[in-house]
There are 2 protein chains.
Amino acid sequence: MQSIEGAAARPAAPSGLRERKKRRTRDTLIRSALELFSRKGYERTTVDEIAEAAEVSQRTFFRYFANKEEVALAIQSAVDALFLAALRSRPAAEAPLPALREAVLDTWDGARAVIEAVVPLELHMRTYGLIESTPQLLAARLRSLSEVEEGLALEIARREGLDPHADPRPHVLVAAFGGVMRVTTRAWGERGEGGLDDLRELTVAYLDQLGPALAENWRT
Amino acid sequence: MQSIEGAAARPAAPSGLRERKKRRTRDTLIRSALELFSRKGYERTTVDEIAEAAEVSQRTFFRYFANKEEVALAIQSAVDALFLAALRSRPAAEAPLPALREAVLDTWDGARAVIEAVVPLELHMRTYGLIESTPQLLAARLRSLSEVEEGLALEIARREGLDPHADPRPHVLVAAFGGVMRVTTRAWGERGEGGLDDLRELTVAYLDQLGPALAENWRT
DNA sequence: AAGAATTATGTCAGTCCCTGACAATTGACT
DNA sequence: AGTCAATTGTCAGGGACTGACATAATTCTT
């Protein structure tokens with residue numbers, strides 16, 4: 001095994017037997033892990049248990065995932081990749097903020113399929129709360145998001161024909177946008193688990209508050 | 001030892017010999033740790049080495065810090081506490097965004113003293129790059145920042161007489177603001193280590209880009 | 001279709017982070 | 001001085017991870 005594709009980039013499938021098997025193992029590991037996490041909590045689940053549930057050795061687990069956090073966040077990372085792809089396919093004429101906004105909404109629409117290819121939707125939904133309530137996972141998730149944001153900033157800069165090193169606006173915009181998205185998903189998670197449709201709605205509502213929140217006077 | 005005060009809340013000093021000794025031990029651990037991290041890198045430094053450098057047992061180290069990350073971020077947490085305090089002492093009449101803006105600037109001004117009470121300023125400065133280049137530390141730092149942001153949001157809500165659970169603006173504003181601050185300190189760190197004055201300058205510059213970055217049209 | 005070359009997996013040993021339990025020491029208080 | 005409480009050290013152990021090497025499974029070659 002020279003390189004296992006991150007959850008992020010899943011190539012079109014060169015699909016020999018070998019590749020199919022690896023994918024199956026990987027998906028099984030994710031499913032086993034999420035089920036155990038959901039049942040016993042993240043910290044009280046050991047990697048040995050996950051490996052055993054997926055019928056591989058602990059060593060193999062670590063060949064698929066760099067650490068315990070990575071398996072917990074695997075699906076999230078796949079959705080992140082979707083988001084980045086969505087932004088790349090927004091029309092070039094669109095202004096930066098609208099492009100980001102529409103890209104997230106596109107993502108929520110397309111996420112279902114990506115998720116259900118690996119785990120039951122409901123199991124994935126439960127991981128949002130798990131992440132939020134597990135310090136180590138939240139930390140890993142935030143770091144992962146900061147990488148996504150870097151990618152978004154570069155893409156925005158490219159769209160606008162700017163040098164992201166010279167003009168701070170791409171990074172500033174994406175940082176503000178990313179902050180609002182985090183707050184949105186957190187609020188959504190706290191509202192006791194609505195579906196992807198509710199998330200979509202909240203996203204719109206929160207993004208619409210960005211302008212007003214920056215305004216000088218909040219008493220309107 | 002019933003409770004060690006987090007770096008955050010450092011009480012006025014009831015100062016018996018016992019308290020003074022604890023403080024000295026804590027500061028020594030921080031200094032030893034940062035020196036080792038700076039010299040050998042975070043991951044290649046073991047807790048045993050830190051403990052030995054500070055002349056305490058490994059077990060004692062873990063009574064002062066919940067984990068290795070915490071000692072690396074101890075000073076940052078102290079500065080965070082300064083920030084929160086700075087916001088609380090902004091005049092009530094000030095609008096939310098200006099209050100946050102002035103609070104950071106006040107913080108950068110007052111930080112020097114807090115830092116130098118524990119470690120040489122230059123040693124602290126080097127930790128910014130360390131955090132940025134150490135995945136585990138960056139993750140922990142981002143998580144820590146998200147807690148700070150929650151505190152800021154609650155304070156903004158209080159100032160404005162709002163229920164933060166009902167009105168999303170406090171959280172949205174703080175998330176956007178926090179995002180920009182992260183980008184700012186990162187850019188500052190990458191510009192090969194200027195001083196606190198440069199950081200202050202960059203803060204102003206980046207915050208001033210927030211409005212323009214959200215604008216529809218970037219071509220002005 | 002059989003063997004050679006790759007690649008994936010398992011086993012083992014070891015390091016490091018972190019924790020609970022208990023004993024020993026040290027400062028506080030009368 | 002003597003008691004009480006808080007701090008520290010020692011020890012044993014669990015769990016995340018890694019490097020090294022052997023084994024087994026695919027793929028490639030002829």
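The chains referred to below are lettered A, B, ... by the order of the sequence lines, with proteins before strands, and numbering in each begins at 1. In this text, all values refer to a predicted model and were calculated from it rather than measured experimentally.
The side chain of A/Asn67 lies closest to D/dC17 when the candidates are D/dG9, D/dC17, C/dC16. Nearest nucleotide to the A/Gln58 side chain, out of C/dG10, D/dC17, C/dC18: D/dC17. The side chain of A/Val47 has D/dA16 as its nearest neighbour among D/dA6, D/dA16, D/dT26. Each of D/dA25, D/dT8, D/dA6 was ranked by its minimum atom distance to the side chain of B/Arg18; first place goes to D/dA6.
Rounded to an integer number of Å, the gap from CD of B/Glu19 to P of D/dA5 is 17 Å. At whole-Å resolution of the value, CZ in A/Arg24 and P in D/dA25 are 14 Å apart. When rounded to the nearest whole Å, the span between CZ of B/Arg20 and P of D/dA6 equals 19 Å. With rounding to whole Å, B/Lys68 atom NZ is found 13 Å from D/dC17 atom C1'. We find that CD of A/Glu69 is positioned 14 Å from C1' of D/dG15, with the value rounded to whole Å. Here D/dT8 presents its C1' atom at 17 Å from CD of B/Glu52, a figure rounded to the nearest Å. Summarising the geometry, the separation between CD on A/Glu55 and C1' on D/dA25 is reported as 17 Å, rounded to the nearest angstrom. The distance between atom NZ of A/Lys22 and atom C1' of C/dT6, rounded to the nearest whole Å, is 12 Å.
Looking at which nucleotide of DNA chain D each of A/Phe62 and B/Val56 is closest to, the 5′-most match is held by B/Val56. Where A/Arg59 and B/Ala66 each meet DNA chain C at their nearest nucleotide, the meeting point lying more 5' is that of A/Arg59. Both B/Asp48 and A/Ser57 lie close to DNA chain C; mapped to their nearest nucleotides by heavy-atom distance, the more 5′-ward contact belongs to A/Ser57.
Looking only at side-chain heavy atoms (C-beta outward), B/Leu130 and B/Leu34 stay at 4.5 Å or farther from each other. Residues B/Thr184 and B/Leu207 form no side-chain contact, since every pair of their non-hydrogen atoms from C-beta on lies 4.5 Å or further apart.
Between A/Lys21 and D/dT26 there is a side-chain polar atom (N or O) within less than 4.0 angstrom of OP1 or OP2.
Side-chain contact, A/Glu43 with A/Gln136: no donor N or O sits under 3.5 Å from an acceptor N or O.
Interface remark: the A/Arg63 side chain does form a donor-acceptor pair with the C/dG10 base, using a distance-only criterion of under 3.5 Å.
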- request: Show the numbers, then the answer: is there a salt bridge (Lys or Arg N to Asp or Glu O under 4.0 Å) between A/Arg143 and A/Glu147?
  value: CA-CA 7 Å; A/Arg143 191 186 84 79; A/Glu147 272 173 27; 2.9 Å; yes
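Interatomic distance, A/Leu142 CG to B/Leu145 CG, rounded to the nearest 0.5 Å: 9.5 Å.
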